[in-house]
Amino acid sequence: MKRTEIKSLLSTAPEEQTVTVMGWVRNFRSNRFIILNDGSTINDLQVVVDFENFDENLLHQIKTGSSIKATGKLVASQGSGQAVELICEELHLFGAADASEYKLQPKQHSLEFLREQAHFRMRTKTFGAVFRIRHAIAYAIHKYYNDRGYYYLHAPIITGSDAEGAGEMFHVTTFEPNEAPLNEDGSINYKEDFFGKATNLTVSGQLQAEAGALALGKVYTFGPTFRAENSNTTRHLAEFWMIEPEVAFFDITDNMDLAEDFVKYLINYVLDNYPDDLAVLDQRIQQLEKNMKTEDRRPMGLIETLRFVVDNEFERITYTEAINILRNSKPYKKGKFQYDVEWGKDLQSEHERYLVEKKFSKPVIVVDYPKDIKAFYMRLNEDGKTVAAMDVLFPGIGEVIGGSQREERLENLLARMEEMDIPEEELWWYLELRKFGSVPHAGFGLGFERMVLFITGMGNIRDVIPFPRTPKSAEF
RNA sequence: UCCUCCUUAGCUCAGUUGGUUAGAGCGGUUGACUGUUAAUCAAUAGGUCCUUGGUUCGAGUCCAAGAGGAGGAGCCA
(Lines give C-alpha, C1' and ligand atoms only; values in the text may rest on other atoms or scores of the structure.)
Protein backbone atom coordinates (compact mmCIF):
# COMPACT_ATOMS: atom_id res chain seq x y z
CA MET A 1 0.00 0.00 0.00
CA LYS A 2 1.49 3.26 -1.06
CA ARG A 3 1.45 6.04 1.50
CA THR A 4 3.48 9.03 2.64
CA GLU A 5 4.46 9.17 6.28
CA ILE A 6 3.29 12.17 8.24
CA LYS A 7 6.84 12.82 9.45
CA SER A 8 8.02 13.58 5.92
CA LEU A 9 4.84 15.46 4.97
CA LEU A 10 5.23 17.91 7.83
CA SER A 11 8.63 18.95 6.55
CA THR A 12 7.51 19.21 2.91
CA ALA A 13 6.64 22.47 1.17
CA PRO A 14 2.88 22.48 0.45
CA GLU A 15 2.36 22.81 -3.30
CA GLU A 16 -1.08 21.23 -3.66
CA GLN A 17 0.59 17.92 -4.44
CA THR A 18 -1.68 14.86 -4.10
CA VAL A 19 -0.65 12.52 -1.29
CA THR A 20 -2.09 9.56 0.60
CA VAL A 21 -1.74 9.17 4.34
CA MET A 22 -2.75 6.30 6.65
CA GLY A 23 -3.02 6.36 10.38
CA TRP A 24 -5.12 6.53 13.53
CA VAL A 25 -7.57 9.29 14.32
CA ARG A 26 -6.73 11.22 17.46
CA ASN A 27 -9.71 13.52 17.29
CA PHE A 28 -12.41 14.78 14.91
CA ARG A 29 -13.25 18.41 15.63
CA SER A 30 -16.00 20.62 14.39
CA ASN A 31 -17.29 18.00 11.97
CA ARG A 32 -14.44 19.15 9.72
CA PHE A 33 -10.93 18.50 11.13
CA ILE A 34 -9.51 15.00 11.50
CA ILE A 35 -6.38 14.98 13.64
CA LEU A 36 -4.34 12.06 12.29
CA ASN A 37 -1.21 10.34 13.63
CA ASP A 38 0.68 7.46 12.04
CA GLY A 39 3.43 6.95 14.63
CA SER A 40 6.23 8.21 12.38
CA THR A 41 6.43 11.36 14.51
CA ILE A 42 4.83 12.74 17.63
CA ASN A 43 3.22 15.45 15.50
CA ASP A 44 -0.21 15.06 13.88
CA LEU A 45 -1.50 15.93 10.44
CA GLN A 46 -4.74 17.86 10.15
CA VAL A 47 -7.00 16.37 7.49
CA VAL A 48 -9.76 18.76 6.41
CA VAL A 49 -13.03 17.26 5.17
CA ASP A 50 -15.93 19.04 3.53
CA PHE A 51 -18.88 17.00 4.77
CA GLU A 52 -20.95 17.64 1.66
CA ASN A 53 -18.44 15.53 -0.30
CA PHE A 54 -18.58 12.44 1.89
CA ASP A 55 -21.09 9.83 2.94
CA GLU A 56 -22.67 10.73 6.26
CA ASN A 57 -22.35 7.19 7.60
CA LEU A 58 -18.65 7.13 6.79
CA LEU A 59 -18.00 10.42 8.59
CA HIS A 60 -20.00 9.18 11.52
CA GLN A 61 -17.50 6.40 12.04
CA ILE A 62 -14.49 8.72 12.16
CA LYS A 63 -13.90 8.52 15.90
CA THR A 64 -10.91 8.70 18.20
CA GLY A 65 -8.89 5.52 17.66
CA SER A 66 -10.33 4.54 14.28
CA SER A 67 -7.92 3.92 11.40
CA ILE A 68 -8.24 5.59 8.02
CA LYS A 69 -6.68 6.27 4.64
CA ALA A 70 -6.99 9.80 3.30
CA THR A 71 -5.97 11.10 -0.11
CA GLY A 72 -5.91 14.78 -0.98
CA LYS A 73 -3.88 17.88 -1.63
CA LEU A 74 -1.21 19.16 0.75
CA VAL A 75 -1.69 22.89 1.31
CA ALA A 76 -0.57 25.61 3.68
CA SER A 77 -2.94 25.66 6.66
CA GLN A 78 -5.35 28.52 7.23
CA GLY A 79 -5.35 27.77 10.95
CA SER A 80 -2.57 28.79 13.29
CA GLY A 81 -1.86 25.48 14.99
CA GLN A 82 -0.05 23.82 12.09
CA ALA A 83 1.93 24.77 8.99
CA VAL A 84 0.40 22.35 6.51
CA GLU A 85 -2.81 20.36 6.20
CA LEU A 86 -4.42 17.90 3.85
CA ILE A 87 -7.57 18.87 1.94
CA CYS A 88 -9.27 15.49 1.81
CA GLU A 89 -10.65 14.19 -1.49
CA GLU A 90 -10.94 10.47 -0.79
CA LEU A 91 -11.53 8.86 2.58
CA HIS A 92 -11.39 5.16 3.48
CA LEU A 93 -12.08 3.58 6.84
CA PHE A 94 -9.83 0.62 7.74
CA GLY A 95 -11.17 -0.09 11.18
CA ALA A 96 -13.82 1.62 13.29
CA ALA A 97 -13.34 2.23 17.02
CA ASP A 98 -16.63 2.33 18.91
CA ALA A 99 -16.25 5.36 21.14
CA SER A 100 -18.61 3.99 23.76
CA GLU A 101 -16.18 1.11 24.33
CA TYR A 102 -12.73 2.39 23.32
CA LYS A 103 -10.81 3.30 26.45
CA LEU A 104 -8.53 6.01 25.08
CA GLN A 105 -10.69 9.06 24.65
CA PRO A 106 -9.38 12.59 23.99
CA LYS A 107 -8.68 13.47 27.62
CA GLN A 108 -5.95 13.07 30.23
CA HIS A 109 -5.47 9.52 31.44
CA SER A 110 -3.35 8.53 34.41
CA LEU A 111 -0.18 6.51 33.81
CA GLU A 112 -1.56 3.80 36.13
CA PHE A 113 -4.69 3.45 34.03
CA LEU A 114 -2.68 3.37 30.80
CA ARG A 115 -0.47 0.65 32.28
CA GLU A 116 -3.60 -1.53 32.31
CA GLN A 117 -4.12 -0.63 28.65
CA ALA A 118 -0.57 -1.45 27.61
CA HIS A 119 -1.73 -2.65 24.19
CA PHE A 120 -3.11 0.81 23.42
CA ARG A 121 -0.94 3.15 25.43
CA MET A 122 1.65 3.50 22.67
CA ARG A 123 -1.01 5.42 20.76
CA THR A 124 -0.86 8.26 23.26
CA LYS A 125 1.50 11.19 22.83
CA THR A 126 3.47 10.45 26.01
CA PHE A 127 4.05 6.77 25.34
CA GLY A 128 4.63 7.34 21.64
CA ALA A 129 7.46 9.68 22.63
CA VAL A 130 8.81 7.25 25.23
CA PHE A 131 8.99 4.33 22.82
CA ARG A 132 10.42 6.30 19.94
CA ILE A 133 13.15 7.46 22.32
CA ARG A 134 13.63 3.92 23.65
CA HIS A 135 14.31 2.84 20.09
CA ALA A 136 16.69 5.77 19.57
CA ILE A 137 18.74 4.81 22.62
CA ALA A 138 18.92 1.16 21.52
CA TYR A 139 20.10 2.24 18.07
CA ALA A 140 22.64 4.69 19.53
CA ILE A 141 24.09 1.90 21.71
CA HIS A 142 24.86 -0.24 18.68
CA LYS A 143 26.16 2.74 16.74
CA TYR A 144 28.43 3.84 19.56
CA TYR A 145 30.11 0.49 19.94
CA ASN A 146 30.21 -0.40 16.27
CA ASP A 147 31.85 2.93 15.41
CA ARG A 148 34.54 2.21 18.01
CA GLY A 149 35.38 -1.31 16.89
CA TYR A 150 33.46 -3.30 19.50
CA TYR A 151 31.77 -6.58 18.59
CA TYR A 152 28.20 -7.36 19.59
CA LEU A 153 28.33 -10.64 21.50
CA HIS A 154 25.14 -12.61 22.11
CA ALA A 155 25.26 -14.02 25.62
CA PRO A 156 22.95 -17.00 26.28
CA ILE A 157 19.50 -16.39 27.76
CA ILE A 158 19.50 -19.81 29.42
CA THR A 159 22.46 -20.41 31.67
CA GLY A 160 23.80 -23.48 33.41
CA SER A 161 25.57 -21.71 36.24
CA ASP A 162 23.80 -20.19 39.21
CA ALA A 163 26.92 -18.74 40.75
CA GLU A 164 26.74 -15.29 39.25
CA GLY A 165 25.43 -13.89 42.49
CA ALA A 166 23.30 -11.20 40.95
CA GLY A 167 20.02 -12.21 42.54
CA GLU A 168 17.26 -14.81 42.58
CA MET A 169 16.84 -16.72 39.32
CA PHE A 170 13.95 -18.10 37.31
CA HIS A 171 14.30 -21.84 36.79
CA VAL A 172 14.07 -23.27 33.31
CA THR A 173 12.78 -26.83 33.07
CA THR A 174 10.60 -29.07 30.95
CA PHE A 175 9.43 -31.03 33.98
CA GLU A 176 5.77 -30.70 34.85
CA PRO A 177 5.19 -29.50 38.41
CA ASN A 178 4.82 -32.49 40.77
CA GLU A 179 5.96 -34.91 38.06
CA ALA A 180 9.69 -34.29 38.20
CA PRO A 181 11.85 -37.41 38.76
CA LEU A 182 13.45 -37.46 42.18
CA ASN A 183 16.78 -38.56 43.55
CA GLU A 184 16.94 -40.95 46.51
CA ASP A 185 17.20 -38.02 48.92
CA GLY A 186 14.02 -36.46 47.55
CA SER A 187 15.67 -33.67 45.56
CA ILE A 188 14.80 -33.22 41.90
CA ASN A 189 16.92 -35.23 39.49
CA TYR A 190 17.89 -32.64 36.89
CA LYS A 191 20.05 -35.18 35.07
CA GLU A 192 16.83 -36.28 33.38
CA ASP A 193 15.79 -32.72 32.52
CA PHE A 194 16.13 -31.21 29.04
CA PHE A 195 19.68 -29.92 29.51
CA GLY A 196 20.78 -32.70 31.85
CA LYS A 197 21.34 -30.19 34.64
CA ALA A 198 19.55 -27.41 36.48
CA THR A 199 19.26 -24.31 34.33
CA ASN A 200 18.04 -20.75 34.79
CA LEU A 201 17.28 -17.58 32.90
CA THR A 202 20.34 -15.37 32.80
CA VAL A 203 20.87 -12.63 35.37
CA SER A 204 23.91 -11.25 33.58
CA GLY A 205 25.93 -11.92 30.44
CA GLN A 206 29.12 -10.68 32.02
CA LEU A 207 30.97 -13.95 32.54
CA GLN A 208 30.38 -14.96 28.93
CA ALA A 209 31.30 -11.45 27.78
CA GLU A 210 34.64 -11.85 29.54
CA ALA A 211 35.34 -14.92 27.41
CA GLY A 212 34.49 -12.80 24.35
CA ALA A 213 36.74 -9.92 25.43
CA LEU A 214 39.65 -12.30 25.93
CA ALA A 215 39.42 -13.23 22.26
CA LEU A 216 37.86 -10.35 20.34
CA GLY A 217 39.34 -7.59 22.49
CA LYS A 218 36.34 -5.31 22.77
CA VAL A 219 32.82 -6.73 23.01
CA TYR A 220 29.42 -5.76 24.35
CA THR A 221 26.25 -7.65 25.05
CA PHE A 222 22.77 -6.16 24.79
CA GLY A 223 19.94 -8.45 25.73
CA PRO A 224 17.22 -9.32 28.20
CA THR A 225 18.06 -10.40 31.74
CA PHE A 226 15.82 -11.81 34.44
CA ARG A 227 15.68 -11.42 38.19
CA ALA A 228 13.16 -13.26 40.34
CA GLU A 229 13.58 -10.79 43.19
CA ASN A 230 10.37 -9.68 44.85
CA SER A 231 11.22 -6.04 44.20
CA ASN A 232 8.31 -3.62 44.11
CA THR A 233 9.82 -0.27 43.23
CA THR A 234 9.79 2.30 40.44
CA ARG A 235 13.29 1.16 39.44
CA HIS A 236 13.03 -2.63 39.18
CA LEU A 237 11.69 -5.09 36.63
CA ALA A 238 11.73 -8.90 36.63
CA GLU A 239 12.62 -8.77 32.92
CA PHE A 240 14.87 -5.96 31.78
CA TRP A 241 17.55 -5.26 29.19
CA MET A 242 21.17 -4.76 29.98
CA ILE A 243 24.21 -3.55 28.05
CA GLU A 244 27.49 -5.03 29.18
CA PRO A 245 30.69 -3.90 27.50
CA GLU A 246 33.79 -5.94 28.38
CA VAL A 247 37.24 -4.84 27.26
CA ALA A 248 40.64 -6.51 27.33
CA PHE A 249 43.66 -4.45 28.44
CA PHE A 250 41.35 -2.04 30.27
CA ASP A 251 41.83 -0.89 33.85
CA ILE A 252 39.28 0.72 36.15
CA THR A 253 40.11 4.24 34.95
CA ASP A 254 39.63 3.26 31.30
CA ASN A 255 36.35 1.70 32.42
CA MET A 256 35.13 4.92 34.07
CA ASP A 257 36.14 6.93 31.01
CA LEU A 258 34.17 4.58 28.78
CA ALA A 259 31.09 4.65 31.01
CA GLU A 260 31.00 8.45 31.11
CA ASP A 261 31.64 8.93 27.41
CA PHE A 262 29.07 6.26 26.54
CA VAL A 263 26.12 7.62 28.52
CA LYS A 264 26.86 11.17 27.37
CA TYR A 265 26.82 9.92 23.79
CA LEU A 266 23.41 8.31 24.30
CA ILE A 267 21.94 11.48 25.78
CA ASN A 268 23.42 13.62 23.01
CA TYR A 269 22.03 11.29 20.38
CA VAL A 270 18.50 11.73 21.68
CA LEU A 271 18.90 15.50 22.14
CA ASP A 272 20.09 15.81 18.54
CA ASN A 273 17.59 13.50 16.89
CA TYR A 274 14.36 13.52 18.92
CA PRO A 275 13.81 17.13 20.03
CA ASP A 276 10.04 17.05 19.40
CA ASP A 277 9.47 13.97 21.55
CA LEU A 278 11.68 15.35 24.32
CA ALA A 279 9.84 18.68 24.21
CA VAL A 280 6.47 16.97 24.74
CA LEU A 281 7.83 14.93 27.66
CA ASP A 282 9.41 18.09 29.10
CA GLN A 283 6.08 19.96 28.92
CA ARG A 284 4.27 17.04 30.47
CA ILE A 285 6.52 17.14 33.53
CA GLN A 286 6.12 20.89 33.89
CA GLN A 287 2.35 20.51 33.67
CA LEU A 288 2.49 17.81 36.33
CA GLU A 289 4.66 19.86 38.68
CA LYS A 290 2.60 23.01 38.36
CA ASN A 291 0.53 22.10 41.40
CA MET A 292 3.45 20.83 43.45
CA LYS A 293 5.36 22.65 46.16
CA THR A 294 8.59 24.27 44.96
CA GLU A 295 10.79 21.92 46.96
CA ASP A 296 9.12 18.86 45.40
CA ARG A 297 9.72 20.07 41.87
CA ARG A 298 12.74 19.04 39.87
CA PRO A 299 15.49 21.65 39.99
CA MET A 300 15.66 21.78 36.20
CA GLY A 301 13.46 20.93 33.24
CA LEU A 302 14.06 17.66 31.38
CA ILE A 303 16.00 19.01 28.41
CA GLU A 304 17.92 21.37 30.68
CA THR A 305 18.89 18.42 32.90
CA LEU A 306 20.08 16.36 29.93
CA ARG A 307 22.19 19.23 28.62
CA PHE A 308 23.64 19.78 32.08
CA VAL A 309 24.68 16.12 32.32
CA VAL A 310 26.45 16.08 28.95
CA ASP A 311 28.13 19.46 29.53
CA ASN A 312 29.69 18.61 32.90
CA GLU A 313 32.32 16.14 34.03
CA PHE A 314 30.99 13.41 36.28
CA GLU A 315 32.31 13.69 39.82
CA ARG A 316 34.69 10.84 40.64
CA ILE A 317 35.30 9.90 44.26
CA THR A 318 36.48 6.82 46.12
CA TYR A 319 34.20 4.94 48.47
CA THR A 320 36.43 6.06 51.36
CA GLU A 321 36.07 9.71 50.33
CA ALA A 322 32.31 9.23 50.03
CA ILE A 323 32.16 7.92 53.60
CA ASN A 324 34.13 10.94 54.85
CA ILE A 325 31.92 13.38 52.97
CA LEU A 326 28.81 11.72 54.37
CA ARG A 327 30.11 11.71 57.94
CA ASN A 328 30.83 15.43 57.67
CA SER A 329 27.46 16.21 56.07
CA LYS A 330 24.67 18.19 57.70
CA PRO A 331 22.06 15.40 57.56
CA TYR A 332 24.53 13.01 59.18
CA LYS A 333 25.37 15.41 62.02
CA LYS A 334 21.72 16.18 62.59
CA GLY A 335 20.87 12.49 62.61
CA LYS A 336 18.66 12.76 59.53
CA PHE A 337 19.97 9.58 57.92
CA GLN A 338 17.98 6.47 58.71
CA TYR A 339 21.03 4.23 58.19
CA ASP A 340 24.44 4.61 59.73
CA VAL A 341 27.46 5.63 57.68
CA GLU A 342 30.39 3.41 58.44
CA TRP A 343 33.39 2.23 56.42
CA GLY A 344 32.66 -1.32 55.30
CA LYS A 345 28.92 -0.92 54.95
CA ASP A 346 27.24 -0.38 51.62
CA LEU A 347 25.94 3.09 50.75
CA GLN A 348 22.18 3.29 51.18
CA SER A 349 19.82 5.03 48.76
CA GLU A 350 19.59 8.05 51.05
CA HIS A 351 23.39 8.38 51.07
CA GLU A 352 23.70 8.06 47.32
CA ARG A 353 20.95 10.61 46.87
CA TYR A 354 22.74 13.06 49.16
CA LEU A 355 25.97 12.76 47.17
CA VAL A 356 24.29 13.09 43.77
CA GLU A 357 21.49 15.53 44.45
CA LYS A 358 22.79 17.69 47.31
CA LYS A 359 26.58 17.57 47.49
CA PHE A 360 27.59 17.51 43.81
CA SER A 361 24.31 18.08 41.92
CA LYS A 362 25.49 15.90 39.04
CA PRO A 363 26.28 12.28 38.22
CA VAL A 364 28.85 10.74 40.55
CA ILE A 365 31.14 7.77 40.03
CA VAL A 366 32.12 6.01 43.25
CA VAL A 367 35.15 3.65 43.05
CA ASP A 368 37.17 1.29 45.22
CA TYR A 369 34.55 -0.30 47.43
CA PRO A 370 35.35 -2.62 50.35
CA LYS A 371 35.84 -6.11 48.96
CA ASP A 372 33.35 -7.71 51.32
CA ILE A 373 30.33 -5.91 49.87
CA LYS A 374 31.17 -6.63 46.24
CA ALA A 375 31.18 -9.62 43.88
CA PHE A 376 33.89 -12.30 43.81
CA TYR A 377 35.21 -11.42 40.35
CA MET A 378 36.23 -7.84 41.15
CA ARG A 379 39.95 -7.09 41.20
CA LEU A 380 41.64 -6.71 44.58
CA ASN A 381 43.43 -3.37 45.01
CA GLU A 382 46.96 -2.88 46.42
CA ASP A 383 45.59 -2.06 49.86
CA GLY A 384 44.16 -5.59 50.16
CA LYS A 385 40.90 -4.14 51.52
CA THR A 386 39.15 -2.66 48.51
CA VAL A 387 38.32 -3.82 45.00
CA ALA A 388 38.39 -1.91 41.71
CA ALA A 389 34.60 -1.58 41.55
CA MET A 390 32.64 1.41 40.33
CA ASP A 391 29.05 2.59 40.48
CA VAL A 392 27.71 5.43 38.36
CA LEU A 393 24.97 7.24 40.29
CA PHE A 394 22.38 9.43 38.59
CA PRO A 395 20.02 11.98 40.11
CA GLY A 396 16.54 10.61 40.74
CA ILE A 397 17.44 7.07 39.76
CA GLY A 398 20.48 6.03 41.73
CA GLU A 399 22.70 3.33 40.29
CA VAL A 400 22.59 3.30 36.52
CA ILE A 401 25.88 1.50 35.97
CA GLY A 402 27.76 -1.04 38.04
CA GLY A 403 31.15 -2.26 36.88
CA SER A 404 34.66 -3.26 37.80
CA GLN A 405 38.09 -4.24 36.70
CA ARG A 406 38.00 -8.04 36.82
CA GLU A 407 40.37 -10.17 38.86
CA GLU A 408 42.69 -11.62 36.21
CA ARG A 409 45.08 -13.34 38.69
CA LEU A 410 44.07 -16.96 39.16
CA GLU A 411 45.30 -17.34 42.75
CA ASN A 412 43.47 -14.18 43.89
CA LEU A 413 40.27 -15.27 42.17
CA LEU A 414 40.42 -18.74 43.73
CA ALA A 415 40.98 -17.21 47.16
CA ARG A 416 37.96 -14.91 46.79
CA MET A 417 35.75 -17.75 45.60
CA GLU A 418 36.71 -19.83 48.57
CA GLU A 419 36.01 -16.95 50.97
CA MET A 420 32.60 -16.46 49.44
CA ASP A 421 31.71 -20.16 49.14
CA ILE A 422 31.44 -20.18 45.38
CA PRO A 423 31.94 -23.71 43.99
CA GLU A 424 34.85 -23.98 41.55
CA GLU A 425 33.25 -26.80 39.56
CA GLU A 426 30.44 -24.53 38.37
CA LEU A 427 32.82 -21.98 36.93
CA TRP A 428 35.62 -24.22 35.63
CA TRP A 429 35.51 -22.51 32.27
CA TYR A 430 35.65 -19.04 33.82
CA LEU A 431 38.73 -20.06 35.80
CA GLU A 432 40.42 -21.44 32.68
CA LEU A 433 40.24 -17.94 31.18
CA ARG A 434 42.75 -17.03 33.94
CA LYS A 435 44.90 -20.09 33.36
CA PHE A 436 45.44 -19.54 29.67
CA GLY A 437 46.36 -16.13 28.34
CA SER A 438 44.79 -14.06 31.10
CA VAL A 439 45.02 -10.27 30.72
CA PRO A 440 43.81 -7.26 32.71
CA HIS A 441 40.27 -6.43 31.64
CA ALA A 442 37.26 -4.48 32.79
CA GLY A 443 33.62 -3.89 32.01
CA PHE A 444 30.30 -2.73 33.34
CA GLY A 445 26.55 -3.25 33.11
CA LEU A 446 24.17 -0.49 32.16
CA GLY A 447 20.49 -0.98 32.99
CA PHE A 448 18.83 -0.08 29.71
CA GLU A 449 15.44 0.86 31.17
CA ARG A 450 17.09 3.02 33.82
CA MET A 451 18.79 4.97 31.05
CA VAL A 452 15.47 5.31 29.20
CA LEU A 453 13.88 6.40 32.47
CA PHE A 454 16.45 9.14 32.92
CA ILE A 455 16.37 10.42 29.35
CA THR A 456 12.56 10.46 29.07
CA GLY A 457 12.11 11.88 32.57
CA MET A 458 9.45 9.29 33.34
CA GLY A 459 8.98 8.37 36.99
CA ASN A 460 8.28 4.63 36.85
CA ILE A 461 10.35 1.99 35.06
CA ARG A 462 7.14 0.14 34.13
CA ASP A 463 6.37 3.02 31.79
CA VAL A 464 9.52 2.78 29.67
CA ILE A 465 9.26 -0.89 28.58
CA PRO A 466 6.35 -1.81 26.29
CA PHE A 467 5.03 -4.73 28.33
CA PRO A 468 6.50 -4.70 31.85
CA ARG A 469 7.08 -7.85 33.90
CA THR A 470 6.94 -7.29 37.65
CA PRO A 471 5.91 -9.41 40.66
CA LYS A 472 2.26 -10.47 40.29
CA SER A 473 2.06 -8.88 36.88
CA ALA A 474 2.57 -10.50 33.47
CA GLU A 475 -0.53 -9.43 31.54
CA PHE A 476 -0.22 -8.94 27.76
C1' U B 1 9.79 -9.37 51.84
C1' C B 2 8.77 -4.94 55.24
C1' C B 3 6.33 0.00 56.12
C1' U B 4 2.62 3.71 54.56
C1' C B 5 -1.43 5.08 51.61
C1' C B 6 -5.34 4.01 48.09
C1' U B 7 -9.76 1.08 45.83
C1' U B 8 -17.10 5.04 44.72
C1' A B 9 -19.89 6.01 36.99
C1' G B 10 -15.62 4.43 31.10
C1' C B 11 -11.58 7.99 33.44
C1' U B 12 -10.08 11.59 37.50
C1' C B 13 -12.14 12.40 42.00
C1' A B 14 -15.90 14.54 46.04
C1' G B 15 -19.15 12.21 49.53
C1' U B 16 -19.95 16.01 56.60
C1' U B 17 -20.56 13.20 63.59
C1' G B 18 -22.91 6.23 60.51
C1' G B 19 -29.17 8.26 58.44
C1' U B 20 -33.80 8.21 53.87
C1' U B 21 -33.39 8.92 46.43
C1' A B 22 -24.69 8.36 46.13
C1' G B 23 -22.61 13.65 43.23
C1' A B 24 -19.09 16.73 39.94
C1' G B 25 -15.70 17.38 35.85
C1' C B 26 -13.98 14.91 31.69
C1' G B 27 -15.46 11.04 28.33
C1' G B 28 -19.98 8.49 25.96
C1' U B 29 -24.87 8.91 23.39
C1' U B 30 -28.44 12.17 20.53
C1' G B 31 -28.90 16.78 18.10
C1' A B 32 -26.84 21.65 16.24
C1' C B 33 -22.46 23.70 13.95
C1' U B 34 -18.07 24.48 7.14
C1' G B 35 -11.74 27.16 10.12
C1' U B 36 -11.42 24.00 14.80
C1' U B 37 -6.59 23.55 18.08
C1' A B 38 -8.05 19.05 24.78
C1' A B 39 -13.60 23.15 19.50
C1' U B 40 -18.26 25.05 21.27
C1' C B 41 -23.63 24.82 22.57
C1' A B 42 -28.16 21.94 24.11
C1' A B 43 -30.30 17.49 25.85
C1' U B 44 -29.41 12.70 27.90
C1' A B 45 -27.84 7.79 29.72
C1' G B 46 -24.58 5.60 33.01
C1' G B 47 -23.28 2.70 39.98
C1' U B 48 -22.24 -5.22 42.54
C1' C B 49 -19.44 2.12 46.47
C1' C B 50 -12.97 -4.11 45.29
C1' U B 51 -14.46 -9.08 47.90
C1' U B 52 -15.94 -11.73 52.26
C1' G B 53 -17.29 -11.57 57.20
C1' G B 54 -18.56 -8.56 61.50
C1' U B 55 -20.57 -4.27 64.68
C1' U B 56 -25.35 -1.51 64.31
C1' C B 57 -32.36 -0.22 64.12
C1' G B 58 -29.39 1.49 59.88
C1' A B 59 -22.68 0.92 56.68
C1' G B 60 -19.93 4.09 50.70
C1' U B 61 -18.69 5.81 55.86
C1' C B 62 -16.71 1.85 61.67
C1' C B 63 -13.85 -3.12 62.62
C1' A B 64 -11.28 -7.75 60.70
C1' A B 65 -9.37 -10.76 56.86
C1' G B 66 -8.37 -11.21 51.71
C1' A B 67 -7.44 -9.31 46.58
C1' G B 68 -5.53 -5.51 43.49
C1' G B 69 -2.87 -0.82 42.84
C1' A B 70 0.63 3.19 44.23
C1' G B 71 4.78 5.30 46.98
C1' G B 72 9.02 4.35 50.14
C1' A B 73 12.77 0.66 52.09
C1' G B 74 15.78 -3.62 51.24
C1' C B 75 18.10 -6.24 46.91
C1' C B 76 20.10 -4.48 42.52
C1' A B 77 20.71 -2.61 36.87
[X] (side chain) and [N] (base): donor-acceptor pair under 3.5 Å:
X	N	value
A:N31	B:U36	no
A:E229	B:U1	no
A:Q108	B:U12	no
A:S231	B:C75	yes
A:D50	B:U34	yes

What integer number of Å spans the [atom1] atoms of [N] and [M]?
N	M	atom1	value
B:G68	B:A32	C1'	44 Å
B:U8	B:C49	P	11 Å
B:U20	B:G58	C1'	10 Å
B:A9	B:C5	C1'	24 Å
B:C57	B:U17	P	22 Å
B:U61	B:U51	P	10 Å
B:A45	B:C50	P	25 Å
B:U48	B:A65	P	27 Å

Close aromatic pair by centroid cut-off 6.0 Å: A:F360 and A:F314:
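Judged by ring-centre distance (under 6.0 Å), A:F360 and A:F314 do not meet the cut-off.
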
Quick one: [X] [atom1] to [N] [atom2], roughly how many Å, whole number?
X	N	atom1	atom2	value
A:D391	B:A77	CG	C1'	10 Å
A:L104	B:U12	CG	C1'	15 Å
A:L111	B:G69	CG	C1'	14 Å
A:N232	B:G69	CG	C1'	11 Å

Does the ring of A:F240 meet both stacking tests against the six-membered base ring of B:A77: centre distance under 5.5 Å and plane angle under 30°?
yes

Are [X] and [Y] within salt-bridge range, i.e. N to O under 4.0 Å?
X	Y	answer
A:D98	A:K63	no
A:R353	A:E350	no
A:K359	A:E315	no

Using a cut-off of strictly less than 4.0 Å, decide whether [X] has a side-chain nitrogen or oxygen near OP1 or OP2 of [N].
X	N	value
A:Q78	B:G35	no
A:R32	B:A39	no
A:Q105	B:C11	no
A:H236	B:G74	no

Is the shortest heavy-atom distance from the side chain of A:P245 to the side chain of A:F262 under 4.5 Å?
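Not in contact.
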
Nearest listed nucleotide, side chain of [X], among [options]:
X	options	value
A:R462	B:A70, B:A39, B:U37	B:A70
A:R29	B:A73, B:U36, B:U29	B:U36
A:R450	B:G35, B:C76, B:G74	B:C76
A:N460	B:U1, B:G71, B:G69	B:G71

A:N27 vs A:E85, nearer the 5' end of RNA chain B by closest nucleotide
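Nearest nucleotide further toward 5': that of A:E85.
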
Using the test side-chain contact (heavy atoms from CB on, under 4.5 Å), find all partners of A:H154 that sit at least two apart in sequence or belong to another chain.
A:Y152

